[in-house]
Protein chains: 2
Amino acid sequence: MTVTLADVAARAQVSPATVSRVLNGNYPVAASTRERVLKAVDELDYVLNGPASALAAATSDLVGILVNDIADPFFGIMASAIQAEIGGPGGRAGGERLAVVCNTGGSPERELTYLTLLQRQRAAAVVLTGGAIEDAAHQAAMDTKVRKLADAGTRVVLCGRPPAPETGAIALTFDNRGGGQELTEHLIGLGHRRLGYIAGPEERTTTRHRLEGHRAALAAHGIEEDPRWTVHGRYDRRSGYEATLELLRRDPSLTAVVAANDSVALGACAALRDSGLRIPEDVSVAGFDDLPFSIDAVPALTTVRLPLAEAGARAGRIAMGREEAPPGGIASVRGELMVRGSSGVPRVS
Amino acid sequence: MTVTLADVAARAQVSPATVSRVLNGNYPVAASTRERVLKAVDELDYVLNGPASALAAATSDLVGILVNDIADPFFGIMASAIQAEIGGPGGRAGGERLAVVCNTGGSPERELTYLTLLQRQRAAAVVLTGGAIEDAAHQAAMDTKVRKLADAGTRVVLCGRPPAPETGAIALTFDNRGGGQELTEHLIGLGHRRLGYIAGPEERTTTRHRLEGHRAALAAHGIEEDPRWTVHGRYDRRSGYEATLELLRRDPSLTAVVAANDSVALGACAALRDSGLRIPEDVSVAGFDDLPFSIDAVPALTTVRLPLAEAGARAGRIAMGREEAPPGGIASVRGELMVRGSSGVPRVS
DNA sequence: TCATGTATAGAAAGCGCTTGCTGTCACGCT
DNA sequence: AGCGTGACAGCAAGCGCTTTCTATACATGA
């Protein structure tokens, strides 16, 4: 039924070994022979059996990309950049690799299971994106898994994720703390003294780092933080909307709202508008990430731009061994403050 | 070095066959034996060799999802819904399947190559999302490939894509034409008579269908279309911005701009604002898809909601054989007109 | 009691490919 | 003439698993 290597060999009047070598191109084959083989391949419409060759060669051309939420452009942009470098068909890379993205939905178990599945497939490389989960047990499990993968020859790269020392993984980490601090300092510089903060889910490293940056800025300027000023939520618009209403309820005198990311900030804007407040005259708003839509908000969102595409591309190259790993296996990637219309001088109260 | 089935068998004092059967659970194994085996698996930290079992069983647990642009939430939302149904770890499905999304970037070659790669991996199913490319040669090549996949036992589902008759693929098609028509009729109903249209890339079926719907609405109301009123571009914000400026240049008296999708519409809004025009007082704007951010535009975007998540989920279930295919293998999925602030009665000229 | 059935385990034959090793041949050198 | 050498090509041994067929051990009914 299905065409096999042997069929091609028979048709080209050579041994299966020769066909294999022509197809893999890592052994000298006379031009005339090669041509005959390729002709047979074409005529029979032969397609290599992936599992069989992976088994025999003990390697596979699968590369996994783990993302928290594939519907979120934050991950989409990174995944796209990674995939472009990995190769996939038409990528910059030579050999054809199957770059696949796996959606964990932010669930620790799925994260782990996908890693096992990729291990099972003997993936050539794995790129993990997005913040890690701060649960000791889960982190230990992940580290073990990652080390096992690395030991088995799978290259593991963390993109926008905190380093995992001793696991053999290369880390490209976003400087969320620095970005958060810079952003809040910008607002303080404008004169804000009462700033609400809408944080992401508590257990994520990204959440903690951004919040720490925010607090560092406050501390640096001698602003004592009111516990009521911080609300935790999810990384989505809805959460931003609700959290903003809550902040307003707790302290209507806030002059600025800093959001965990741009989606949350958009929700915050909507909530403020619905509460009859103007942006930035009454309340300034700031986001994080600088996703494409942020510039379309009205007013345009002040935020911290993360070089998602660049970082992804670099992670992809490192995963393919086409770029050297950073010294120590860890690199910090900085964000850039983008000051736009949503932040302004606070009203005089 | 690596642990194999045989190692587990030795440790559990059973034959490899038994271990395999315990792991696959499709053959009676005494409870005590099963337990012994599982214990050994656990102790040795055994991970099945995917390629080997795929080879031996002549099936794989890989399911491919092809998308045009993974950074676009339109695809992200569908992919997410599909993947949730396919299973992947923690999905509703039983067995653990590796649902992988492949980013074609809208390139015909990559589309084809990914299909070959998935064929090579003997994928269990493949879901193709997004509009097809209207190039006879490419379409023929795709159809051939799809038929070959289907013949080899891979279930192929088209989600938001025109049917491919005779290929054995199941199609869930979006009614782009109907949605486009309804949308434009809404604008005509408001009193608009001079409507600009920003279309997507010419060669995509989605582009053509939406445009046809638009034109059908115009024709139905006896409005003669000025060729200057249509501009083609890409499906992104930038393109919408530029196209709008072009439309304004060609005919400053337009009272409405209909965009190929929401991202384009956002670009259009930005261009109008930058041109000193108010929305909707001076010019109404409409989009398509109703992506999450559309409601955050100011004013909120009038658009056609496509049930991306629902359609994706259904496609996923069909791909897994957990839902019956629609009669004739083809189903049309309707959009729903969402009237919001960006469309209004035109100014009296 | 013996034939028969039922549940469970093992032996072994591949699945389709890669690759180390072993030819074979034509050359060119001494 | 004799032989080392390089360039190809083929043989055959797996890679780690699944699965068919067979074997064993009881339990059962006549």
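What's counted below: heavy atoms across the whole structure, side chains too, no hydrogens, waters or symmetry copies. The chains referred to below are lettered A, B, ... by the order of the sequence lines, with proteins before strands, and numbering in each begins at 1.
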Side-chain donor/acceptor pairs under 3.5 Å, residues 308-318 of chain B, sequence neighbours excluded:
residue: B/Arg314; atom: NE; partner: B/Glu323; partner atom: OE2; Å: 3.0
residue: B/Arg317; atom: NE; partner: B/Glu323; partner atom: OE1; Å: 2.7
residue: B/Arg317; atom: NH2; partner: B/Glu323; partner atom: OE1; Å: 3.0

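By the 4.5 Å heavy-atom criterion applied to side chains, A/Val22 and A/Thr33 are not counted as neighbours. Residues B/Met142 and B/His138 have side chains in contact (heavy-atom distance under 4.5 Å, counting atoms from C-beta outward).
Not a single side-chain contact (heavy atoms from CB on, under 4.5 Å) links B/Ala58 to another residue, sequence neighbours left out. For B/Arg11, the side-chain contact (heavy atoms from CB on, under 4.5 Å) partners two or more places apart in sequence, or in a different chain, are B/Ala40, B/Glu43, B/Leu44. Taking A/Arg161 as the reference, A/Glu111 meet the salt bridge (Lys or Arg N to Asp or Glu O under 4.0 Å) condition, with sequence neighbours excluded. Evaluation of the side-chain hydrogen bond (donor to acceptor under 3.5 Å, both in side chains) rule for B/Asn26 yields no partner, not counting sequence neighbours. Remark: B/Glu203 pairs with B/Ile133, B/Pro201 by the side-chain contact (heavy atoms from CB on, under 4.5 Å) rule, at least two apart or across chains.
Sorted pairs that involve residues 24-33 of chain B and meet salt bridge (charged side-chain N to carboxylate O under 4.0 Å, His left out), not counting sequence neighbours, are lacking altogether. For residues 125-135 of chain A, the pairs satisfying side chain to side chain donor-acceptor pair (under 3.5 Å) are A/Glu134-A/Arg208, with sequence neighbours left out.
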**Request:** Sugar-phosphate atoms are those with a prime plus P, OP1 and OP2; base atoms are the rest. Using that split, label each nucleotide of nucleotides 21-27 of chain C B, S or - for protein heavy atoms under 4.0 Å, 5' to 3'.
**Result:** B------

For nucleotides 14-16 of chain D, print each protein N/O atom paired with a nucleotide N/O atom at under 3.5 Å, atom names and distance only.
residue: D/dC15; atom: O2; partner: A/Ala56; partner atom: N; Å: 3.4
residue: D/dG16; atom: N2; partner: B/Ala52; partner atom: O; Å: 3.4

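Phosphate proximity of C/dA9 to B/Thr18: absent, as no side-chain N or O sits under 4.0 Å from OP1 or OP2.
Of the residues in residues 6-17 of chain A, A/Val14, A/Ser15, A/Ala17 come within less than 4.0 Å of DNA chain D through at least one heavy atom, sorted by number. For DNA chain C, none of the residues of residues 29-37 of chain A falls under the heavy-atom distance limit of 4.0 Å.
Side-chain atoms of B/Thr113 and B/Thr116 include no donor-acceptor pair closer than 3.5 Å.
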**Prompt:** How far apart are the C-alpha atoms of A/Leu62 and A/Leu118, what are their side-chain angles, what is the distance that settles it, and do they pass the side chain to side chain contact (heavy atoms under 4.5 Å, CB included) test?
**Reply:** CA-CA 8 Å; A/Leu62 203 72; A/Leu118 287 165; 4.2 Å; yes

